[in-house]
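These notes are about the structure you will find just below.
The first residue of the sequence shown is numbered 1, and numbering continues consecutively from there. Every heavy atom of this structure was used, including side-chain atoms; hydrogens, water molecules and symmetry mates were not.
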Amino acid sequence: MKELISLLSAALMLIFVLSGCSADLDPDGIDFDLTESGEVISSSEVSLKQFKSNVVGYGWKCVDFRDIKDDGSLASHEDSIRDGWGPSDYFFDETTVTSFFDVMSLPKPCYSTNSYRFEDSTILIGSNNVIRLLKLSDSKFTCVSRIGWKYSEKDKDPIPYYMYFKYKRMTEKELQEHRSKYTTDFASVTP
C-alpha cells in the first residue's frame, strides 16, 4: 500500500511539474483582439506611471514571438520563424527608443533611434510602429505589434499583419553587449 501511495505521489508530482513547465512555455495572459480595421483592443491597461517605472531606462530583448493567425489564435514559435526577418530588441529612455536589429543585406548589425510617445497602453514609435502592451511586470512584458502588411487574393487592399511578442528585461551587461554589437546606424545606410 505504501508503494502504491508513493507511486501515486510521484505521478502527481510529475504531472504538477510538467503542467508548470508547459505554462511557462505558453504565452501568458493573452488578452487581445484585432478589429477589422486593424486596431488592437485589450482589457488590460498599462498606465504611463507603470511604463515609466518598469520600461524606461532599461533594455529589452525578445524571448518569444508568434504569428497571429486569421482566427486570432497564435501560431507556434517554430511556425513563426522566417528567413530574413527577426524581432527587434529595444532600449527606452524618456523620449527616444533605440531598436537593435539585424538586416540580412547589410554586413553589420544595425540600430535605429526614434522618438516615441506612450498613450492608452500603446507605444507609438516614429510614424508607423505601434506596440500595444498587454502585460507588464518588472522584468517582462508582452505585446502585439503590426510588423507589416499582407495581401490576399480576395482583398484588394493590404491587410495589417500582426505578431505577438514577449520581452524580457536585459541585464546591464546584456545592454552593453548590444551597444557594442549593433554599431551601424540604419539611417546612415538607407536612402
Side-chain angles (χ1 to χ4, degrees), residues 32 34-35 37-42 44-68 80-150 157-191:
F32 69 91
L34 299 172
T35 65
S37 65
E39 179 185 4
V40 179
I41 54 175
S42 172
S44 63
E45 294 294 326
V46 175
S47 70
L48 178 61
K49 182 179 178 180
Q50 290 171 306
F51 176 76
K52 284 186 173 186
S53 66
N54 292 340
V55 176
V56 173
Y58 300 102
W60 296 89
K61 63 182 175 182
C62 183
V63 295
D64 193 11
F65 57 91
R66 313 281 181 102
D67 284 330
I68 300 173
S80 302
I81 296 172
R82 286 177 194 61
D83 288 338
W85 179 88
S88 294
D89 295 331
Y90 297 106
F91 172 78
F92 291 89
D93 70 17
E94 287 292 327
T95 59
T96 63
V97 57
T98 301
S99 305
F100 304 99
F101 51 93
D102 294 299
V103 178
M104 297 303 289
S105 61
L106 298 175
K108 293 185 177 182
C110 295
Y111 73 91
S112 177
T113 302
N114 293 285
S115 62
Y116 76 90
R117 68 184 196 280
F118 181 84
E119 59 186 51
D120 300 326
S121 303
T122 304
I123 306 166
L124 304 154
I125 301 172
S127 61
N128 66 357
N129 191 353
V130 177
I131 300 172
R132 171 64 188 220
L133 295 179
L134 302 175
K135 299 280 183 177
L136 171 63
S137 71
D138 289 342
S139 62
K140 68 180 178 179
F141 69 79
T142 57
C143 62
V144 172
S145 181
R146 187 186 74 219
I147 64 162
W149 302 91
K150 60 183 177 179
D157 295 324
I159 302 165
Y161 181 66
Y162 291 88
M163 289 188 85
Y164 168 89
F165 296 91
K166 182 188 280 188
Y167 281 87
K168 183 176 178 186
R169 184 184 288 177
M170 291 184 200
T171 64
E172 199 56 41
K173 181 180 177 186
E174 289 171 322
L175 180 57
Q176 292 306 322
E177 288 170 354
H178 267 62
R179 288 179 169 154
S180 296
K181 177 183 174 185
Y182 295 87
T183 57
T184 302
D185 183 352
F186 188 66
S188 70
V189 294
T190 55

Using the test salt bridge (charged side-chain N to carboxylate O under 4.0 Å, His left out), find all partners of Asp67 that sit at least two apart in sequence or belong to another chain. Arg82
Give the ring-plane orientation class for Phe118 versus Phe51, where under 30° counts as parallel, over 60° as perpendicular and anything between as tilted. parallel
Could you go through Ile147 and Phe165, starting from their C-alpha distance and side-chain angles, then the distance that decides it, and tell me whether this counts as side chain to side chain contact (heavy atoms under 4.5 Å, CB included)? CA-CA 11 Å; Ile147 64 162; Phe165 296 91; 3.9 Å; yes
Do Thr142 side-chain atoms and Lys135 backbone N/O form a donor-acceptor pair below 3.5 Å? yes
Shortest non-hydrogen contact from [X] to [Y]?
X      : Y      : result
Arg132 : Ser121 : CD-O, 3.6 Å
Val130 : Ser145 : O-OG, 3.2 Å
Asn114 : Gly126 : CB-N, 4.5 Å

Who are the side chain to side chain contact (heavy atoms under 4.5 Å, CB included) partners of [X], not counting sequence neighbours?
X      : value
Ser53  : none
Val63  : Lys61, Lys166, Lys168
Ser139 : Ser137
Tyr111 : Thr98, Phe100, Thr113, Tyr182, Asp185

Under the criterion ring-ring contact (aromatic ring centres under 6.0 Å, His included), which of Tyr167, Tyr90, Phe141 is the partner of Trp60? Phe141
Crowding at CG, Asp93 (>12 non-hydrogen neighbours, <6.0 Å): yes
Can you name the side chain to side chain donor-acceptor pair (under 3.5 Å) partners of Glu177, sequence neighbours left out? none
